[in-house]
Amino acid sequence: MLSISLETVQDIMAKAQLAYPPTNESNVICGKDISIEELSSISDEEKALKEAIAALTNNELAELGALMVLGRGAGGETVADFDDLVAEAPSDTRAYANYISEKTPLATYLKNGLSKLGFAN
């Protein structure tokens with residue numbers, strides 16, 4: 001990681017934990033059980049997370065996204081793929097920031113990504 005600091009990642013992790021606290025319940029919501037008003041309102045914690053991610057530079061956002069993907073590990077990504085993941089970050093940074101900020105297990109993904117890169121957490 002060259003652009004984003006460890007402190008920034010840790011701050012985003014803390015905000016993600018507040019925005020999306022772990023529960024034993026499913027995150028899937030049946031459409032008929034929720035109103036439009038509930039969908040359009042987000043918590044202060046979610047707003048703080050979205051604002052922190054939106055404030056990142058393009059390079060920081062690309063590295064945060066790469067760290068998230070590395071930590072998720074769904075595609076078998078390894079540390080050797082990190083630079084490629086950064087380079088492949090979408091050019092629409094606003095949409096990418098929203099995409100990242102809406103991942104409910106974001107704190108876990110980032111923690112796993114840091115661990116894979118050898119950062120103690």
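Numbers here simply count residues along the sequence, with the first being 1.
Side-chain contact check for L49 versus Y20: some heavy-atom pair is nearer than 4.5 Å. Annotation: side chain of E88 is in contact with side chain of D84 (closest heavy-atom distance under 4.5 Å).
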(message) Could you go through L56 and T8, starting from their C-alpha distance and side-chain angles, then the distance that decides it, and tell me whether this counts as side-chain contact (heavy atoms from CB on, under 4.5 Å)?
(response) CA-CA 9 Å; L56 298 175; T8 299; 3.7 Å; yes
(request) Please test L106 against I53 for side-chain contact (heavy atoms from CB on, under 4.5 Å), starting from the C-alpha separation and ending with a verdict. (result) CA-CA 12 Å; L106 180 60; I53 293 174; 4.0 Å; yes
(message) Determine whether I4 and N59 satisfy the following criterion, side-chain contact (heavy atoms from CB on, under 4.5 Å), listing intermediate values before the conclusion.
(response) CA-CA 8 Å; I4 195 166; N59 290 339; over 6 Å; no
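The existence of a salt bridge linking E51 and K15 is excluded, since no basic side-chain nitrogen approaches an acidic carboxylate oxygen closer than 4.0 Å.
Of all heavy-atom pairs spanning L61 and T93, the tightest one is CD2-O, 3.4 Å. Minimum heavy-atom separation, G113 to L70: O-CD2, 4.0 Å. Minimum interatomic distance between L67 and L114 (heavy atoms only, all atoms of both residues): CD1-N, 3.5 Å. Heavy atoms only, all atoms of each residue included: L85 and A66 are closest at CB-CB, 3.6 Å. Pairing each heavy atom of M13 with each of K111, the nearest pair is CE-CB, 3.7 Å. The two residues R72 and Y99 have their closest heavy-atom pair at NH1-OH, 3.6 Å.
Under the 3.5 Å distance criterion, the side-chain polar atoms of E102 are left unmatched by any main-chain donor or acceptor of I100.
Taking CZ of F82 as the start and CD of E63 as the end, the distance is 5.0 Å to the nearest 0.5 Å. With rounding to the nearest 0.5 angstrom, the CD atom of E7 is 12.0 Å from the CD1 atom of I12. Once rounded to the nearest 0.5 Å, the distance linking OG of S5 with CD of Q10 reads 8.5 Å. Between M68 atom CE and N112 atom CG the span is 12.5 Å, to the nearest 0.5 Å. Taken from CD in E60 to OG in S3, the straight-line distance is 6.5 Å, to the nearest 0.5 Å.
Using a 4.5 Å cut-off between side-chain heavy atoms of Ile, Leu, Val, Met, Phe, Trp and Tyr, with links allowed through other members, Y109 and L18 fall into different hydrophobic clusters.
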